[in-house]
Amino acid sequence: MDLVYRPRRLRRTETLRRMVRETVVRPQDFIYPLFAAPGKGVRQEVAAMPGVFRLSPELLVKEAESALKLRVPAVLLFGLPRQKDDTGSEAASPRGTVQQAVRLLKKNLPELMVITDVCLCAYTSHGHCGLLHGGRVDNDATLEALAQVAVSHAEAGADLVAPSDMMDGRVGALREALDERGFEMVAILSYAVKYASAFYGPFREAADSAPAFGDRRSYQMDPANAREAVREAALDVEEGADILMVKPAGPYLDIIAQLAGEFDLPIAAYQVSGEYSMLKAAAAQGWLDETAAMLESLLAIKRAGADLILTYFAKEAAALLKG
Ligand code: PBG
């Protein structure tokens with residue numbers, strides 16, 4: 001055969017392959033999600049997420065420290081309240097689990113970037129992400145509550161806040177409230193494009209945040225829509241978002257690529273609980289090579305255009321990518 005171009009020439013040895021490799025995943029790309037539980041000495045494994053634990057603040061600091069040692073620069077905190085109520089009031093309490101955990105993390109690991117999830121779903125008795133009026137999630141009433149939550153996280157020392165509620169106008173509401181209190185340097189990592197996804201199932205067990213009735217489709221995005229993602233992201237940019245997130249990640253690589261092409265802000269992607277659980281379950285059955293499948297899934301998210309990846313695999317992957 002007289003082929004002018006043989007793609008296999010550059011695939012011949014590992015050194016050659018490394019030389020022409022287009023995408024590299026590094027521990028610095030990861031953000032590690034953690035679940036803060038009230039109390040002391042609490043370490044409960046989430047049944048559907050082997051290797052993921054609900055941790056009380058002092059154990060959470062240990063976990064974050066071991067991630068930081070592996071060069072994972074940031075954590076994203078979710079909190080479990082002591083008590084739920086109609087308005088999710090514990091979410092903004094200075095004595096709340098997340099606020100405690102943030103203070104402890106910043107005191108012990110000052111160089112770690114601490115990001116907090118801003119939402120009400122784990123704190124409300126009905127499990128919806130906002131305040132209810134007449135059985136519906138009231139958008140504008142929710143904004144004020146979310147702003148208070150974000151300010152309480154900033155007061156505790158959060159470096160970034162990450163609103164995940166999908167109310168309209170929440171990035172602007174948070175930016176204004178943070179600036180008013182002198183937190184103009186606290187950044188907003190917006191869950192700009194968050195789909196109403198079945199892949200959040202295991203997380204809702206971890207955070208005990210499943211809606212008591214109905215679903216989230218009146219505020220989270222329809223998985224069928226791609227152009228709407230650009231519109232959602234543009235709104236968040238106008239309102240002052242610093243980083244745009246797409247969620248879930250693996251099933252939405254086209255959306256990540258589109259946002260990376262259209263916007264000049266950093267793009268984050270959230271490899272969600274269901275994506276993690278699927279790989280873990282298949283590996284446990286011996287159906288997939290866990291390490292290889294994990295690294296490939298992260299590489300694909302980076303290749304699609306994500307600068308940052310939120311993943312429950314952060315520590316495992318960082319340990320392999322080290323060096
Ligand atoms: C809260 C929130 C959810 C996730 C992150 N923040 C669940 C939801 O919207 O129901 C999902 C994360 C995951 O599945 O890993 N609004």
Side-chain angles (χ1 to χ4, degrees), residues 30-36 45-54 75-81 84 88 90-91 97-98 115-124 126-132 137 139 142-143 145-146 149-150 153 160-168 170-171 174 188-223 232 243 245-252 268-281 294 297-298 301 306 308-314:
F30 297 143
I31 297 172
Y32 187 29
L34 291 170
F35 298 95
E45 192 164 30
V46 179
M49 300 175 75
V52 173
F53 296 83
R54 297 163 157 198
V75 295
L76 170 69
L77 297 188
F78 295 95
L80 295 146
K84 298 181 191 250
E90 208 179 304
T97 319
V98 164
I115 311 171
T116 54
D117 186 86
V118 175
C119 196
L120 298 180
C121 60
Y123 299 87
T124 51
H126 45 76
H128 278 287
C129 299
L131 303 176
L132 293 185
V137 176
N139 191 89
T142 302
L143 296 181
L146 292 168
V149 175
H153 292 172
L160 300 93
V161 292
S164 68
D165 52 282
M166 288 301 278
M167 297 302 119
D168 295 333
R170 89 267 209 222
V171 171
L174 261 57
I188 298 178
L189 191 176
S190 174
Y191 287 69
V193 180
K194 177 172 177 182
Y195 287 95
S197 172
F199 292 97
Y200 307 149
F203 171 94
R204 292 181 185 168
E205 178 207 327
D208 186 23
S209 65
F213 65 90
D215 53 45
R216 302 208 201 289
R217 279 182 264 185
S218 78
Y219 40 104
Q220 298 180 349
M221 283 180 55
D222 185 336
E232 270 283 3
I243 303 176
M245 191 209 291
V246 174
K247 173 182 176 192
Y252 295 85
Y270 198 146
Q271 183 180 51
V272 299
S273 56
E275 299 177 73
Y276 175 85
S277 299
M278 284 194 301
L279 288 178
K280 283 283 178 187
M294 165 183 76
S297 71
L298 295 166
I301 294 165
L308 296 164
I309 306 173
L310 297 101
T311 176
Y312 301 98
F313 287 120

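In listed order, ligands and their atoms are each counted from 1.
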S.K.: Can you tell me if Lys194 contacts ligand 1 (heavy atom of the residue under 4.0 Å from the ligand)?
M.R.: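 Flag set, Lys194 near ligand 1.
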S.K.: Which bit of Cys121 is near ligand 1, meaning a heavy atom under 4.0 Å away: side chain, backbone, both or neither?
M.R.: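 The answer is the side chain.
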S.K.: Do me a favour and list the nearest non-hydrogen protein atom to atom 14 (O) of ligand 1 with residue, atom name and distance?
M.R.: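 For atom 14 (O) of ligand 1, the nearest protein heavy atom comes out as Ser273 OG, 2.7 Å.
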S.K.: Please check: side-chain N/O of Arg170 versus main-chain N/O of Pro163, any donor-acceptor pairing under 3.5 Å?
M.R.: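 Indeed, once roles are kept as given, a pair shorter than 3.5 Å links the two residues.
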S.K.: Rounded to the nearest 0.5 Å, what separation is found between the NE2 atom of His126 and the CG atom of Leu131?
M.R.: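 Those atoms lie 6.5 Å apart.
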S.K.: Does Gln271 reach ligand 1, in the sense of a heavy atom lying below 4.0 Å from it?
M.R.: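 Gln271 does not count as a contact of ligand 1 under the 4.0 Å cut-off.
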S.K.: Mind checking whether Asp165 contacts ligand 1 via backbone (N, CA, C, O), side chain (CB onward), both or neither, at a 4.0 Å heavy-atom cut-off?
M.R.: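 Within the 4.0 Å criterion, Asp165 makes no contact with ligand 1.
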S.K.: So is Tyr270 touching ligand 1 or not, going by heavy atoms under 4.0 Å?
M.R.: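 True for this residue.
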S.K.: Indicate yes or no: at least one non-hydrogen side-chain atom of Val137 is less than 4.5 angstrom from one of Arg216.
M.R.: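 Of all side-chain heavy-atom pairs linking Arg216 with Val137, none is under 4.5 Å.
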S.K.: Ignoring hydrogens and geometry, is there a side-chain-to-backbone donor-acceptor pair from Thr124 to Gly88 under 3.5 Å?
M.R.: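 Not confirmed, Thr124 side chain does not pair with Gly88 backbone.
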S.K.: Against heavy atoms of Asp117, which atoms of ligand 1 measure under 4.0 Å?
M.R.: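 In order of numbering, the contacting atoms are 6 (N).
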S.K.: Backbone, side chain, both or neither: what part of Phe78 comes under 4.0 angstrom of ligand 1, heavy atoms only?
M.R.: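 The side chain, only.
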S.K.: Ignoring hydrogens and angles, tell me if any N or O in the side chain of Glu45 forms a donor-acceptor pair with the backbone of Gly51 under 3.5 Å.
M.R.: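 Looks like yes, one N/O pair under 3.5 Å.
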S.K.: Cation-pi check for Tyr200 against Lys194: NZ or CZ below 6.0 Å from the six-membered ring centre and within 45 degrees of the axis, yes or no?
M.R.: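 Positive - Lys194 is close enough to the ring of Tyr200 and near enough to its axis.
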S.K.: Side chain, backbone, both or neither: which part of Ser164 comes within less than 4.0 Å of ligand 1 when only heavy atoms are counted?
M.R.: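 Within the 4.0 Å criterion, Ser164 contacts ligand 1 through backbone and side-chain atoms alike.
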S.K.: So which bit of Cys129 gets within less than 4.0 Å of ligand 1, heavy atoms only: side chain, backbone, both or neither?
M.R.: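 Side chain only.
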S.K.: Going by heavy atoms, is Lys247 under 4.0 Å from ligand 1?
M.R.: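 Per 4.0 Å heavy-atom rule, Lys247 contacts ligand 1.
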S.K.: Parallel under 30°, tilted from 30 to 60°, perpendicular over 60°: which one fits the rings of His128 and Tyr219?
M.R.: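 The arrangement is perpendicular - the two ring planes meet at more than 60°.
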S.K.: Of Tyr195, Tyr276, Phe203, which has the heavy atom at the shortest distance from atom 3 (C) of ligand 1?
M.R.: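 Nearest heavy atom to atom 3 (C) of ligand 1 lies in Phe203.
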S.K.: Check for a donor-acceptor pair, side chain of Glu275 on one end and backbone N or O of Pro248 on the other, with a separation under 3.5 Å.
M.R.: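 Not a single qualifying donor-acceptor pair exists.
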S.K.: With a cut-off of 4.0 Å, which atoms of ligand 1 are near a heavy atom of Cys119?
M.R.: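 Listed by number with element, the hits are 16 (N).
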S.K.: Under a 3.5 Å distance rule, please check whether Asn139 uses its side chain to pair with a backbone N or O of Asp168 as donor and acceptor.
M.R.: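 Here the side-chain-to-backbone pair exists.
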S.K.: Nearest heavy atom to atom 8 (C) of ligand 1: which of His128, Met49, Met166, Arg216 does it belong to?
M.R.: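 Comparing heavy atoms across His128, Met49, Met166, Arg216, the nearest one to atom 8 (C) of ligand 1 lies in Arg216.
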S.K.: Hey, which atoms in ligand 1 end up nearer than 4.0 Å to a heavy atom of Tyr312?
M.R.: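 Here the atoms of ligand 1 in question are 12 (C), 13 (C), 15 (O).
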S.K.: When rounded to the nearest 0.5 angstrom, what is the spacing between OG in Ser197 and NZ in Lys247?
M.R.: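 Taking OG in Ser197 and NZ in Lys247, the distance rounds to 8.5 Å.
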S.K.: Any nitrogen or oxygen of Ser209 lying under 3.5 Å from a nitrogen or oxygen in ligand 1? Just yes or no.
M.R.: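 N/O-N/O distance below 3.5 Å does not exist for this pair.
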